[in-house]
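To keep things clear, I will list the structure first and then write my remarks on it.
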Amino acid sequence: MDLNQIWQSTLAELELQISRPNFLTWLKKSRLVKKEEDGRIVVGLVNNFAKEWVENKYHKMILETLHSLDETIKKVEYTVLVEQQSPQIKLESKTILNRQTTLPELKVDPETNLHPRYTLNSFVVGSSNELAYAATQSVIKDVGKKYNPLFIYGGTGLGKTHLIQAAGNEIKNLYKNKIKVKYVSSEKFVNDVVWAIRNKRMDDVKSKYRNVDVLIIDDIQFVGGKERSEEEFFHTFNVLYENNKQIIISSDRPPAAIPTLEERLRSRFEGGMIADITYPDYEMRMAIIKTKLQEKNADLPEEICGLVANKIQRNIREIEGILNKIIFYREVKNIELTTKVIEEIIDNIIQQSSKNITASQIIKAVADFYEITLPELTNRSRKKSVVEPRQVVAFLLRDLLDMSYPDIGEKLGKRDHTTAIYSCGKISREISKNQSLNQKIILIKEVIHKG
Ligand code: ADP
Ligand code: MG
């Protein structure tokens, strides 16, 4: 058998043992580069992600298969194939590598819970959000004095979290340690209160939220109707308000439209500044696309940006998702970006958001991808090989289904909601700095959406 035949037989064998998407992505375009005198074989893979993945996951399988076909093969090494790629793509793969090593470490600040990626600098202002933006700027300048509370509302993916976190970051940087900021999602707030009641530690929660100068609370609509939490929030609110501390709130709807919200809380909200964020117009969408590309250190032709801006009108998060996917197709899969390809990517994403996905689909896709069994995914094992998949399941249940933390815990084999919160947070922090994890998640999502 010559090298090519050996490799084709090996691939045929591997194809039986590896899930289809994994095989297609990592191994399909691989080949044997050379065999050395000493029995060393060099396998060429399409890119660095593939190399890392195959080395970590399939090395043993590959070595055994090769050895069974040719006993003189003793060792396998991996390399990235370059010669088949066009010069332009070569250059791009180099940029990804550089990016991987030079990305600054972005972490949530444990003190404030703020993520440094949300800045006012990276927030594009246009007619849809200029009121909210101007109000935020006044608050930053005159913390606790001018607009209190500042209440920002608007549909999902329109930038509420970005804006209120940016306000927090700005205040933190501007006033250094003189002003104490804390950001909390209302879900976390509710969880804290529930925990405190159960453990008789209400004082801890009180001091945690009442000892700040700026309290930023995201998605307040979740607090509405949860009596004890609402009660506690109301008291916290009053204490802060009466001491001229700044409160910044976001919600998916105006206070008057949160039916379960208690009257006294609603009227307090209405006493401050209420600003909405609406859908961005075409120019603004283009500006956002350009900003995001710059952040990602990537570039796309003008007409592709236009295509995305035209198609996605009501959700900026979706715009980001599409850009990530387009870049991924170009850099990792080496697919040429024709208008048709782009349209397919976009339609695919639009369809996805209207399609009903189930939790079991997600769990199965993750298990298949990492090639572990369903019981392994949900049992008590702390083996390293199952920790990441489990965290990815938690993240995807949250990301794709908006599932609550207690429900996620339940799905992961009756785990506590705090495990779910930790897992989701861990993965969402990791993907902003770990390209290969990001790629894995994109691939798993593809499988889920096709399923
Ligand atoms: P929401 O909290 O309203 O659901 P997010 O703040 O999470 O929305 O925004 C979704 C994504 O869109 C984030 O990645 C955010 O950075 C981005 N985004 C939203 N609005 C803007 C904007 N005006 N400029 C730049 N990026 C934005
Ligand atoms: Mg949000």
Side-chain angles (χ1 to χ4, degrees), residues 106 108 113-137 150-170 183-190 216-223 248-254 257-258 274-296 298 305 308-309 312-327 349 353 395 398-405 421 424-425 427-433 438 441-442:
L106 289 179
V108 173
N113 287 331
L114 291 167
H115 196 290
R117 101 173 176 90
Y118 296 112
T119 63
L120 278 192
N121 249 341
S122 61
F123 190 75
V124 176
V125 185
S127 55
S128 75
N129 60 15
E130 65 195 349
L131 177 65
Y133 178 77
T136 304
Q137 280 198 312
L150 170 61
F151 190 102
I152 292 185
Y153 74 91
T156 28
L158 293 179
K160 301 180 298 293
T161 299
H162 189 139
L163 185 59
I164 61 177
Q165 287 230 14
N169 277 320
E170 197 78 8
Y183 167 91
V184 64
S185 69
S186 70
E187 201 161 17
K188 170 91 171 49
F189 183 84
V190 171
I216 303 173
I217 178 154
D218 206 354
D219 287 321
I220 191 83
Q221 73 273 4
F222 289 129
V223 172
I248 304 176
I249 297 166
S250 90
S251 166
D252 66 349
R253 62 203 98 161
I258 309 178
I274 301 182
D276 66 341
I277 299 185
T278 57
Y279 302 122
D281 58 18
Y282 179 82
E283 280 69 35
M284 193 171 155
R285 297 199 296 274
M286 275 303 257
I288 289 170
I289 291 172
K290 299 270 165 74
T291 312
K292 297 291 168 195
L293 287 174
Q294 217 172 21
E295 275 170 24
K296 294 177 203 305
C305 298
V308 176
I312 308 293
Q313 312 191 336
R314 300 167 81 89
N315 189 327
I316 296 167
R317 191 175 293 126
E318 247 168 41
I319 292 183
E320 273 206 284
I322 284 173
L323 293 180
N324 280 337
K325 201 154 173 182
I326 292 175
I327 294 170
I349 292 209
S353 44
F395 171 81
R398 183 84 182 160
D399 188 43
L400 299 174
L401 303 184
D402 243 334
M403 190 180 268
S404 75
Y405 291 120
I421 295 176
C424 295
I427 297 293
S428 56
R429 283 192 301 276
E430 279 279 310
I431 48 179
S432 61
K433 53 180 197 231
N438 195 14
I441 288 183
I442 294 178

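All ligand and atom numbering here is 1-based and tracks the order in the structure. These numbers come from a predicted model, not from an experiment. Basis for what follows: all heavy atoms, side chains included, without hydrogens, waters or symmetry-related copies.
- An N or O contact shorter than 3.5 Å links Thr161 to ligand 1 by distance.
- Nearest protein heavy-atom contact of atom 7 (O) of ligand 1 is Arg317 NH2, 2.9 Å.
- Between Ile288 and ligand 1, a contact under 3.5 Å exists for no N or O pair.
- Ligand-side atoms of ligand 1 in range of Gly155: 3 (O), range being under 4.0 angstrom from any heavy atom.
- Shown are the protein N/O/S atoms under 2.8 Å from the Mg ion (ligand 2), given by residue and atom: Thr161 OG1.
- With a 4.0 Å heavy-atom cut-off, ligand 1 is reached by the side chain of Arg117 but not by its N, CA, C or O.
- Between Val124 and Ile316 there is no side-chain heavy-atom pair separated by less than 4.5 Å.
- The two residues Ser250 and Asp219 come nearest to each other via the heavy atoms OG-N, 2.9 Å.
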Expected list for residues 274-283: side-chain donor-acceptor pairs under 3.5 angstrom, two or more places apart:
unit_1, atom_1, unit_2, atom_2, d
Tyr279, OH, Arg314, NH2, 3.0
Asp281, OD1, Met284, N, 3.0

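- At the top of the distance list for atom 26 (N) of ligand 1, counting protein heavy atoms only, stands Lys292 NZ, 2.9 Å.
- At least one N/O-N/O distance between Val124 and ligand 1 falls below 3.5 Å.
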*Should Ile217 and Phe189 be marked as a side chain to side chain contact (heavy atoms under 4.5 Å, CB included) after you check the CA-CA gap, both sets of side-chain angles, and the distance that decides it?*
CA-CA 8 Å; Ile217 178 154; Phe189 183 84; 4.2 Å; yes
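- Considering only heavy atoms from C-beta on, Phe151 comes within 4.5 Å of Ile220 through its side chain.
- Note: Ile431 CD1 to Ile441 CD1 = 5.0 Å, rounded to the nearest 0.5 Å.
- Note on ligand 1: Thr291 sits outside its first shell, no heavy atom being nearer than 4.0 Å.
- The nearest protein atom to atom 4 (O) of ligand 1, hydrogens excluded, is given as Gly157 N, 2.7 Å; this is a heavy-atom distance.
- Remark: minimum distance from atom 6 (O) of ligand 1 to any protein heavy atom is reached at His162 N, 2.8 Å.
- Protein heavy atom at the shortest distance from atom 8 (O) of ligand 1 is Gly159 N, 3.1 Å.
- From Ile327, atom CD1 reaches atom CG of Leu293 across 5.5 Å, with rounding to the nearest 0.5 Å.
- Listed by number with element, the atoms of ligand 1 under 4.0 angstrom from any heavy atom of Thr156 are 4 (O).
- Using a distance-only test at 3.5 Å, with no hydrogens or angles considered, no donor-acceptor pair links the side chain of Asn324 to the main chain of Gly321.
- Side chains of Ile427 and Asp399 form no contact here, defined as non-hydrogen atoms less than 4.5 Å apart.
- Ligand-side atoms of ligand 1 in range of Ile316: 12 (O), 17 (C), 18 (N), 19 (C), 20 (N), 21 (C), 27 (C), range being under 4.0 angstrom from any heavy atom.
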_Could you go through Ile326 and Val308, starting from their C-alpha distance and side-chain angles, then the distance that decides it, and tell me whether this counts as side chain to side chain contact (heavy atoms under 4.5 Å, CB included)?_
CA-CA 10 Å; Ile326 292 175; Val308 176; 3.9 Å; yes
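- Residue Asn129 has at least one heavy-atom neighbour below 4.0 Å for each of these atoms of ligand 1: 23 (N).
- Residues Cys424 and Tyr405 form a side-chain contact, since some pair of their non-hydrogen atoms from C-beta on lies under 4.5 Å apart.
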All N/O donor-acceptor pairs, side-chain side in residues 154-166, below 3.5 Å, sequence neighbours left out:
unit_1, atom_1, unit_2, atom_2, d
Lys160, NZ, Gly154, O, 2.9
Lys160, NZ, Gly155, O, 2.8
Thr161, OG1, Asp218, OD2, 2.7
His162, NE2, Thr119, O, 3.1
His162, NE2, Ser122, OG, 3.3
Gln165, OE1, His115, N, 2.8

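- Close N/O approach between Lys160 and ligand 1 is found [any backbone or side-chain N/O within under 3.5 Å].
- Looking only at protein heavy atoms, the nearest one to atom 13 (C) of ligand 1 is Glu320 OE1, 3.4 Å.
- Using a 4.5 Å heavy-atom threshold, the side chains of Ile319 and Lys292 count as separate.
- The shortest N or O to N or O distance between Leu158 and ligand 1 is under 3.5 Å.
- Not counting sequence neighbours, the partners of Gln137 by the side chain to side chain donor-acceptor pair (under 3.5 Å) test are Tyr133.
- With a 4.0 Å heavy-atom cut-off, ligand 1 is reached by the backbone of Ser122 but not by any atom from C-beta on.
- Checked by distance only, ligand 1 and Met284 stay at 3.5 Å or farther apart across all their nitrogen or oxygen atoms.
- A heavy-atom distance below 4.5 Å is not found between the side chains of Ser186 and Gln221.
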